[in-house]
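Remember, it's a predicted structure, so these values are computed and weren't measured experimentally.
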Amino acid sequence: MKRFWNRTPNLIPQKMQISQLTDWFLYNPAKPMLFTQIYFWIFFCIVLIGYSIIYKSNKLRNIYLFVFSLFFYYKSGGYFFSLLIFSTIVDYLIALAIGKTRTESKRILLVSSSVVINLGVLAYFKYAYFFTEWVNTIFHSNFVVTNYLALAFNSFSGSHFDVSTIVLPVGISFYTFQTISYSIDVYRRKIEPVKSILDFGFYVTFFPQLVAGPIVRAADFIPQLYEKYKLTRKEFGYAVFLILNGLVKKMAVSDYISANFVDRIFENPGAYSGFENLLGVYGYALQIYCDFSGYTDIAIGTALLLGFRLPKNFDSPYKANSITDFWRRWHISLSTWLRDYLYIPLGGNRKGKIRQYVNLLITMLLGGLWHGAHIRFVIWGGIHGLALAFDKAIMSLSMASRIKNNPFVRIAGVILTFHLVCLAWIFFRATSIDSVSVIFNQLATGWNFQLIPSMLLAYRNVLTIMLIAYVIHWLPEKYKVWYQGRFIDSGWVAQTVVTVAIVFVIYQFRSASVQPFIYFQF
């Protein structure tokens, strides 16, 4: 009996260790793998340790990162990683068939099948409720949405996933566009199909940019699979700078103003004055920029440490002096994708001015629908489409070409463009159309001017962060290049001190609850 009692206390720590180990390897929907969590950086350090051993062999490197990328997606999206594998296999086989086929009609059939299959999967998970509600309303039917993927998993593994609810798979919009562009580029003979399914799988699943972009073209990324690893001292400094910059944007700016101000305004706009609603709109414009560009900064930085160069996705978009300029700076990988695979195939600007304006509107309406199955996103896309068409019409006038470089005109253009974008963000962020109406009503009539000084005092912490962030955003590019260069050129000791200081500051801003990246929902 004495021997038994001496041994039993060790059982509890062992069970706790097993539970902790299980948490590390099994998907937990309450704890997805995010760039802002320590878990991800432990994961990334483990990746780097193994990578430092095998990086000289391209084949081993690609397989190694492919496996870890699949694990990353599993930890981020659970059983939806099966969709990622399905999409990878389908587009790999279709592209091989396109490459071997010389008959144009068969090539068209193959590339069309890629587009239909990929968009079909995307439509099912993203628009099933939208279409079902639409059909039931028109035909007075009673169709019910069923999650057939969850049903299949329950039948296969004995799990108990909810089959009555469809959850949008993380990153499905991004990797779907990525694989569609690959099939189309093979059809257009811009690239050769990838021979190894492991190499193609690595291209599709590369974890830094998998769940929220940037959308990477095969022509830009796949050649890097066969190049030797290269990372200069300056590139290392640049990668670390991007990672720190992204974490500050996300955690010290976006998450902070979201949790402490913006979310409260948009959840109940009627409870706040017109002045507070206006600040909330300005706050959301900053929040979504810092959230999304923060993610891509981290993605580009981590990819660079692994030896891969991803395209720039943001270029100070609120400096834009026209809506056309804005879309050259905002979510560049999406805007160029829509241009190359939708706008130009529709006819672009080759069939007259009216047709060009219609093509712009169609492109942006579908771009809005890509963000979500709700009339709010369609209106958001429509505002941008109409603004682009109007901008093109204005710029075609001879007067516009003469005055566009006037500094006062450019400043006015920046102010006007920023507020037009903010107007569209209201539809993008609001919880419903009714909520949009309340916001506009408050902006028009709900001003309590005598309370503005006290409001400024009450929100001083949030407004100070917003002011600093906007000032940095609007700084001339030469100043940003200067402080970026100072960090990159500084020694290891200085970089380490700066890194520790920034991590300490970020830690002070961290939110008690997990704040997922906004574009995970798209």
Side-chain angles (χ1 to χ4, degrees), residues 30 36 129-130 133 168 249-292 294 318 368 371-384 415-471 473 508-522:
T36 53
Y129 290 104
F130 180 78
E133 183 180 354
L168 184 66
K249 284 181 180 178
K250 168 62 177 170
M251 300 180 72
V253 180
S254 181
D255 287 355
Y256 183 79
I257 64 175
S258 169
N260 293 284
F261 185 64
V262 174
D263 289 350
R264 300 174 188 177
I265 300 294
F266 279 94
E267 283 169 7
N268 189 14
Y272 296 90
S273 68
F275 180 68
E276 290 166 303
N277 273 267
L278 181 63
L279 291 178
V281 174
Y282 290 156
Y284 183 69
L286 186 63
Q287 178 199 344
I288 192 170
Y289 166 71
C290 288
D291 187 282
F292 196 13
Y318 298 137
H371 284 86
H374 198 284
I375 190 63
R376 294 183 293 104
F377 295 113
V378 176
I379 294 173
W380 174 83
I383 291 172
H384 280 277
I415 295 171
L416 181 61
T417 302
F418 174 70
H419 284 87
L420 178 62
V421 170
C422 285
L423 169 69
W425 283 140
I426 294 174
F427 291 91
F428 196 93
R429 173 58 181 86
T431 56
S432 65
I433 289 296
D434 290 338
S435 181
V436 172
S437 300
V438 173
I439 292 171
F440 281 125
N441 182 65
Q442 292 299 96
L443 290 174
T445 63
W447 290 74
N448 295 316
F449 292 99
Q450 70 276 13
L451 297 179
I452 287 178
S454 60
M455 292 177 193
L456 292 173
L457 185 63
Y459 301 126
R460 61 187 178 279
N461 292 337
V462 170
L463 296 181
T464 298
I465 296 295
M466 287 173 54
L467 179 61
I468 293 171
Y470 271 122
V471 167
H473 184 82
Q508 307 309 309
F509 279 91
R510 80 192 191 286
S511 174
S513 59
V514 175
Q515 299 287 326
F517 289 88
I518 292 174
Y519 263 71
F520 276 21
Q521 65 186 291
F522 304 130

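- Between Phe275 and Tyr459, a ring centre-to-centre spacing not shorter than 6.0 Å is recorded.
- Under the salt bridge (charged side-chain N to carboxylate O under 4.0 Å, His left out) criterion, no residue pair touches residues 442-461, with sequence neighbours excluded.
- The aromatic ring centroids of Trp380 and Phe377 lie 6.0 Å or more from each other.
- A distance of 12.5 Å separates CZ of Phe261 from CG of Asn461, quoted to the nearest 0.5 Å.
- Using a 4.5 Å heavy-atom threshold, the side chains of Val378 and Ile375 count as touching.
- Side-chain contact check for Phe428 versus Ile288: some heavy-atom pair is nearer than 4.5 Å.
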Side-chain donor-acceptor contacts of residues 437-454 below 3.5 Å, not counting sequence neighbours, with atom names and distances?
residue, atom, partner, partner atom, Å
Ser437, OG, Ile433, O, 3.3
Gln442, NE2, Tyr272, O, 2.5
Thr445, OG1, Asn441, O, 2.8
Trp447, NE1, Leu443, O, 2.6
Ser454, OG, Leu451, O, 2.6

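- Among pairs with a residue in residues 415-440, those fulfilling salt bridge (charged side-chain N to carboxylate O under 4.0 Å, His left out) read Asp263-Arg429, at least two apart in sequence or across chains.
- Atom-to-atom distance recorded for Arg264:CZ and Glu276:CD is 11.5 Å, nearest 0.5 angstrom.
- Interatomic distance, CG of Leu279 versus CE of Met466, reported as 6.0 Å (0.5 Å rounding).
- Here the side chains of Leu286 and Ile257 are in contact, with some heavy-atom distance below 4.5 Å.
- Between His419 and Tyr282, the distance from one ring center to the other falls under 6.0 angstrom.
- Atoms OH and OH, from Tyr318 and Tyr289 in turn, are 8.5 Å apart once rounded to the nearest 0.5 Å.
- Gly283 and Val262 get closest at one heavy-atom pair: C-CG2, 3.6 Å.
- Here the shortest heavy-atom pairing between Phe266 and Gly280 reads CE1-O, 3.6 Å.
- Heavy atoms only, all atoms of each residue included: Ser254 and Asp291 are closest at OG-CB, 3.3 Å.
- Distance check: Thr431 OG1 to Asn268 CG gives 9.5 Å after rounding to the nearest 0.5 Å.
- For the atom pair Leu420 CG and Ile415 CD1, the distance stands at 13.5 Å (nearest 0.5 Å).
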